[in-house]
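Note that the structure is predicted; figures quoted are calculated from it, not measured.
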Amino acid sequence: MGAPSVPADSLVPRPAELSTGDYDGLVLTPSTRIDADHAARGTEAWLRTELGAATGLPLQRGDGQNAQIRLSVDPAAGLGSEGYRLIVDGEGALVVGHDPAGAFYGAQTLRQLLPAAAYRRAPVDSAARWTLPSVRITDRPRFGWRGCMLDVARHFMPKHDVLRFIDLLAMHKLNVLHLHLTEDQGWRLEIKRYPRLTEVASWRTESQVGAGSPPVFDGRPHGGFYTQDDIREIVAYAAARHITVVPEIDVPGHSQAAIAAYPELGEGEPVGVARHWGIIDNVLNVTDATLEFYRNVFDEVLELFPSTYVCVGGDECPKEQWRRSETAQWRIREEGLADEGELQSWFIRRFDTYLAERGRRLLGWDEILEGGLAPGATVMSWRGTEGGIAAAKAGHDVVMCPTDTSYLDYRQSEGDDEPIPVGTVLTAADVYTAEPVPAELAEAGAERVLGAQVNIWSEHLDSPRSVDYMAFPRLSAFAEAAWSEGARDYAEFQPRLERHLLRLDACGVEYRPLSGPHPWQRRPGVTGRPR
């Protein structure tokens with residue numbers, strides 16, 4: 001016979017309420033049918049596709065009375081936004097969601113109750129017995145923003161790998177994919193009005209290897225971009241899994257690739273697309289023409305991305321070119337600004353107004369606090385928690401993603417055999433036990449914390465395989481920290497995580513083993529990225 005049903009206490013993230021029943025559970029057979037009301041039809045189609053592929057069962061559509069698995073949406077069920085109830089008893093399996101997202105998360109939990117082979121794309125055991133244990137689960141997320149930032153600008157990730165990554169986010173009940181699309185080292189989004197952004201800015205001649213000084217380069221061209229139809233596909237695929245894709249077009253710093261394509265955007269001599277990592281001096285100028293250029297860019301971005309939030313970056317903007325620039329100094333005098341810090345704020349405010357006029361909201365890294373925060377801005381607090389605390393106390397919404405608990409490109413141990421020994425050590429336990437709401441906001445301001453996200457910067461991640469290794473299982477730990485209420489104890493979580501790794505195995509995720517670096521990644525003495 002196949003593998004037994006999975007214990008209900010192996011769920012990740014941990015549900016709010018769980019009890020087991022006295023029934024034998026529901027055995028899936030060739031006669032098992034799935035039914036859904038209109039609002040849950042999308043989840044029904046997803047569940048039938050995923051479970052049908054893994055089990056080989058037809059899982060035909062039922063008509064209500066003859067369906068063993070029933071999905072529905074009921075806003076009056078008292079479950080709360082994105083909440084669900086899952087009941088498996090002698091009559092079958094019932095998933096009720098507060099909204100379509102809740103029904104989808106209930107179906108995700110139902111899938112976790114089956115053996116890990118339920119995550120494969122074809123049956124591996126013709127004799128397998130697919131049993132859902134008898135349970136009653138009521139669940140809802142702690143935060144409305146449960147996100148992951150994926151940097152596809154430093155190293156491009158092909159579309160099919162982005163779609164796979166979306167499935168992994170959905171598996172963990174995460175609901176925001178923040179796509180970092182532009183950088184000094186590459187521009188990844190087709191903008192029809194400005195074709196050189198992809199003809200020129202999407203490719204660099206070579207890439208820095210590691211973080212040493214002087215830099216070492218690999219001698220290999222690197223590039224790629226998403227067409228507008230690619231983006232429409234990515235956004236629609238994510239939306240079907242209740243994930244919002246938030247685009248980031250970084251301004252006014254981290255813009256050398258755009259300047260390489262259109263030199264009139266810059267302050268200095270013509271430049272090429274950057275090959276090395278770190279903070280680069282080249283920044284956008286502050287002319288009316290440059291502002292108009294980016295308004296035209298954002299016009300196309302807004303058509304592609306329906307997200308309420310649009311990220312304009314705003315981080316790590318050097319000021320030296322502005323200090324030497326006659327145009328920048330004229331702008332400071334003309335606008336009555338105090339200095340270059342206020343000039344950056346002035347620049348960001350132009351896009352806060354632009355987005356607000358179109359019913360959107362500006363999102364930026366915590367540097368946008370410097371020189372005065374734009375009225376409608378939401379802050380991503382990455383340089384510790386201080387920026388988020390200050391923004392929340394000033395009445396602004398924040399997303400918490402401090403480096404010491406949220407940067408999944410950081411090293412995972414002190415060992416010399418870590419393949420990417422950059423940043424401070426960040427273990428799965430560190431990610432799991434981190435509290436998204438700072439203690440300083442416990443009594444006032446906590447309501448301004450929309451949630452949390454982890455960030456995967458890709459300077460040293462040159463393949464989807466490397467992204468897997470750095471993201472997992474730390475992203476699994478983060479998913480529970482962002483979803484589940486109550487105290488978190490890593491000693492309690494680790495056995496569930498170990499069982500969860502079987503699901504990642506079935507999905508083909510090349511995660512870092514809890515015991516240490518995997519042999520394929522282990523490189524004694526390596527100071528850069530894996531090859």
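Of the inter-residue distances, the one linking W277 atom CH2 with E459 atom CD reads 6.5 Å to the nearest 0.5 angstrom. One distance of note links CG of L373 with OG of S345; it measures 7.5 Å at 0.5 Å rounding. In this structure, the separation between CG on D315 and CD on E248 is 6.5 Å, given to the nearest 0.5 Å. Taking CD of Q453 as the start and CE of M149 as the end, the distance is 7.0 Å to the nearest 0.5 Å. The structure places CZ of R14 at 5.0 Å from OG of S484, a figure rounded to the nearest 0.5 Å. In this structure, the separation between OG on S381 and CD on E386 is 7.0 Å, given to the nearest 0.5 Å.
With hydrogens and angles ignored, the 3.5 Å screen pairs no side-chain donor or acceptor of T138 with any backbone N or O of R85. Checking side-chain atoms of H180 against main-chain N and O of T182 turns up a donor-acceptor pair under 3.5 Å. At distances below 3.5 Å, not a single donor-acceptor pair connects side-chain atoms of S255 with backbone N or O atoms of V251.
We find that R488 and E480 are not joined by a salt bridge, their nearest charged nitrogen and carboxylate oxygen being 4.0 Å or further apart. Under a 4.0 Å N-O distance rule, the pair E292/R295 qualifies as a salt bridge. Look at D409 and R154 and you find no salt bridge, because none of the NZ, NE, NH1 or NH2 atoms lies under 4.0 Å from a carboxylate O. Electrostatic pairing of R383 and E370 counts as a salt bridge here, judged by a charged N lying under 4.0 Å from a carboxylate O. For the pair R331 and E340, the salt-bridge criterion is not met [side-chain N within less than 4.0 Å of a carboxylate O].
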Check the pair R41, H38 against side chain to side chain donor-acceptor pair (under 3.5 Å), reporting the backbone distance first and the verdict last.
CA-CA 5 Å; R41 286 291 187 204; H38 178 75; 5.6 Å; no
Just do the side chain to side chain donor-acceptor pair (under 3.5 Å) check on D299 and Y354 with the steps written out, would you?
CA-CA 10 Å; D299 282 346; Y354 164 91; 2.6 Å; yes
Evaluate side-chain contact (heavy atoms from CB on, under 4.5 Å) for I368 paired with L362, printing each intermediate quantity in order.
CA-CA 10 Å; I368 66 174; L362 182 143; 4.0 Å; yes
Could you go step by step and tell me if D184 and R204 meet the salt bridge (charged side-chain N to carboxylate O under 4.0 Å, His left out) rule?
CA-CA 10 Å; D184 296 308; R204 60 179 180 264; over 6 Å; no
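Remark: D505 pairs with no residue by the salt bridge (Lys or Arg N to Asp or Glu O under 4.0 Å) rule, at least two apart or across chains. R448 meets the side-chain contact (heavy atoms from CB on, under 4.5 Å) test with A392, D397; sequence neighbours excluded. Residues passing the side-chain contact (heavy atoms from CB on, under 4.5 Å) test with D161 are M157, P158, P464, sequence neighbours excluded. The side chain to side chain donor-acceptor pair (under 3.5 Å) check on R188 picks up nothing, with sequence neighbours excluded. Legend: residues meeting salt bridge (Lys or Arg N to Asp or Glu O under 4.0 Å) with E316, ordered by chain and number and at least two apart, are absent. Partners of R474 by salt bridge (Lys or Arg N to Asp or Glu O under 4.0 Å), not counting sequence neighbours: none found. Residues meeting the side-chain contact (heavy atoms from CB on, under 4.5 Å) test with P375, sequence neighbours left out: R349, D352. The ring pair (Phe, Tyr, Trp, His ring centres under 6.0 Å) search around F351 returns F298, F347, not counting sequence neighbours. Legend: residues meeting ring pair (Phe, Tyr, Trp, His ring centres under 6.0 Å) with F165, ordered by chain and number and at least two apart, are absent. Under the ring pair (Phe, Tyr, Trp, His ring centres under 6.0 Å) criterion, F104 pairs with W46, H242, not counting sequence neighbours. R61 meets the salt bridge (Lys or Arg N to Asp or Glu O under 4.0 Å) test with E44; sequence neighbours excluded. Shown here are the side-chain contact (heavy atoms from CB on, under 4.5 Å) partners of T244, two or more places apart in sequence or in another chain: V246, S307.
Counted by atom type alone, Y194 and N296 present one or more donor-acceptor pairs between their side chains at under 3.5 Å. Neither side chain, Y410 nor D404, offers a donor N or O lying under 3.5 Å from an acceptor on the other. Checked by atom type, the side-chain pair E300/Q228 shows a donor-acceptor distance below 3.5 Å. Side-chain atoms of D281 and Q321 form no donor-acceptor pair, as typed in the model, at a separation below 3.5 Å. Between the side chains of W382 and E367, a donor-acceptor pair is found at a separation under 3.5 Å. For the residue pair S72 and D74, no side-chain donor N or O sits within less than 3.5 Å of a side-chain acceptor on the partner. Side-chain contact check for T109 and K173: at least one donor-acceptor pair (N or O, by modelled atom type) lies under 3.5 Å. For the residue pair T290 and N285, a side-chain donor N or O sits within less than 3.5 Å of a side-chain acceptor on the partner.
Contact detail for T405 and L426: the closest heavy-atom pair is CA-CD1, 3.6 Å. The heavy-atom pair separating S476 from L504 by the smallest distance is OG-CD1, 4.1 Å. Contact detail for I166 and R241: the closest heavy-atom pair is CG2-CD, 4.1 Å.
Under a cut-off of 6.0 angstrom, the local environment of CZ in R121 is sparse, with at most 12 non-hydrogen atoms contributed by other residues, nucleotides or ligands.
Remark: R111 is positioned above the aromatic ring of Y119, its terminal NZ or CZ atom under 6.0 angstrom from the ring centre and at most 45 degrees off the axis.
For F293 and Y262, the distance between ring centers is under 6.0 angstrom. The aromatic ring centroids of F478 and Y432 lie 6.0 Å or more from each other. Two rings, from W145 and Y309, have their centers less than 6.0 Å apart. For W365 and H178, the ring centers are positioned less than 6.0 Å apart. The six-membered or imidazole ring of H172 lies away from that of W483, with a centre-to-centre distance of 6.0 Å or more. Taking the centre of each ring, W187 and H254 stay at or above the 6.0 Å mark.
Put simply, the residue from R275, H155, H276, Q185 that forms a side-chain contact (heavy atoms from CB on, under 4.5 Å) with S207 is H155.
The side-chain heavy atoms of I137 and L11, taken from C-beta on, include a pair separated by under 4.5 Å. L110 has its side chain within reach of I69: a pair of non-hydrogen atoms, C-beta onward, lies under 4.5 Å apart.
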